[in-house]
There are 2 protein chains.
Amino acid sequence: MDDVDRALIAQLQRDATQAYAVLGKAVGLSAAAAHDRVRKLRERGVIRHTTVDVDPAALGRGVLAFVMVDSSAWMGEASASFAAIPEIQEAHVIAGAAAVLVKVRTATTEQLQDVLRRLYAIEGVSGTQATIVLDTFFERPVSTD
Amino acid sequence: MDDVDRALIAQLQRDATQAYAVLGKAVGLSAAAAHDRVRKLRERGVIRHTTVDVDPAALGRGVLAFVMVDSSAWMGEASASFAAIPEIQEAHVIAGAAAVLVKVRTATTEQLQDVLRRLYAIEGVSGTQATIVLDTFFERPVSTD
DNA sequence: GCTGAAAGACTTCAATC
DNA sequence: GATTGAAGTCTTTCAGC
């Protein structure tokens with residue numbers, strides 16, 4: 001994991017459709033060498049997978065909210081219960097109270113309310129505090145700096 | 001934007017390196033037809049770009065926190081100030097108080113403290129409340145369901 | 001809007017330094 | 001590890017339906 005690897009990752013985060021010849025030239029490597037480096041980064045799990053970034057609004061998910069989910073019990077094993085709600089994009093166990101922070105995307109605020117209802121149905125959930133996002137400044141890949 | 005488009009997007013979110021022949025077969029289309037559909041989804045901005053998903057820990061960003069940034073003034077134009085801090089992965093203007101919610105990834109909690117210091121240096125910022133993530137249940141693409 | 005085929009470009013591997 | 005060159009595969013385009 002040296003500076004060349006980091007430069008390759010930064011390039012791929014920007015555009016993973018680049019040909020290895022172009023990618024190599026950008027970091028000062030031949031196509032085959034760039035290919036070999038990227039292959040190893042994938043093998044080692046540094047690069048998990050290649051995906052597409054989709055406009056949430058185009059998929060009918062224009063409303064973004066963060067919801068703090070309070071619970072009366074340890075939620076460390078409740079991952080599947082949250083994953084079963086497709087509107088939930090992320091779920092994190094947080095420090096402090098026994099709580100989970102989730103990132104939710106819905107089409108409307110009515111649907112957000114419905115997600116809250118489904119959250120309450122999860123065993124142990126005792127409360128929710130939703131925070132609606134008015135504007136997203138940016139969402140970007142993990143920095144390689 | 002029909003069910004076939006949604007199926008194509010779901011496939012690409014899972015693995016954007018698939019050949020169009022494979023992609024087409026998965027949704028019941030020829031390679032050329034799948035290619036044409038995906039090209040149009042890109043043109044229309046539904047698919048914004050193709051990227052790689054990187055393990056944050058491998059990049060020395062193993063600590064995740066969400067920070068609520070309170071301010072004494074309207075923060076609607078402060079995007080660049082947040083973007084200048086590479087440890088900040090996301091920044092959202094939220095409803096309620098004049099506040100911004102940011103997602104931060106650092107190597108250590110000491111570095112998180114340093115990010116808080118840099119946040120305070122932004123014009124108008126009056127306070128921060130950091131919430132450290134103990135465990136991430138999941139982070140996934142926007143659902144096509 | 002889809003199919004099938006052809007041309008060109010890219011990935012991928014082996015040999016070599 | 002990196003490079004060069006060759007082989008195989010995939011992307012991309014276009015005429016036809």
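Keep in mind that what you see is a predicted model, and the values were worked out from it rather than measured. We name chains A, B, ... by the order of the sequence lines, and we start the count at 1 in each one.
B:Leu41 places its CG atom 14 Å from the C1' atom of C:dG1, with the value rounded to the nearest Å. As a whole-Å value, the separation of A:Asp36 CG from C:dA15 C1' is 15 Å. Taking atom CD on A:Glu43 and atom C1' on D:dG1, their separation rounds to 15 Å, with Å as the unit. Between the C1' atom of C:dT12 and the OH atom of A:Tyr20 lies a distance of 10 Å, rounded to the nearest Å. Atom CG of A:Leu8 is separated from atom C1' of D:dG1 by 14 Å (rounded to the nearest Å). Atom NZ of A:Lys25 and atom P of D:dA2 are 18 Å apart (whole Å). Between B:Asp2 atom CG and C:dC2 atom P the separation is 8 Å, expressed in whole Å. Atom CG of B:Leu29 is separated from atom C1' of C:dG1 by 9 Å (rounded to the nearest Å).
Proximity of a side-chain donor or acceptor of A:Arg105 to a complementary backbone N or O of A:Arg61 within less than 3.5 Å is not detected. Judged by distance alone, the side chain of B:Tyr20 and the main-chain N or O of B:Asp36 form no donor-acceptor pair under 3.5 Å.
For A:His35, no side-chain nitrogen or oxygen approaches OP1 or OP2 of C:dT11 to under 4.0 Å. Between A:Arg37 and D:dA2 there is a side-chain polar atom (N or O) within less than 4.0 angstrom of OP1 or OP2.
You'll find the side chain of B:Val142 stays beyond 4.5 Å of the side chain of A:Val54, heavy atoms only. Using a 4.5 Å heavy-atom cutoff, the side chains of B:Val133 and A:Glu90 are not in contact.
Contact annotation for B:Ala32: base contact, defined as any heavy-atom pair under 4.0 Å involving a base atom.
With D:dT3, D:dG1, C:dC2 as the choices, the nucleotide that has an atom nearest any side-chain atom of A:Lys40 turns out to be D:dG1.
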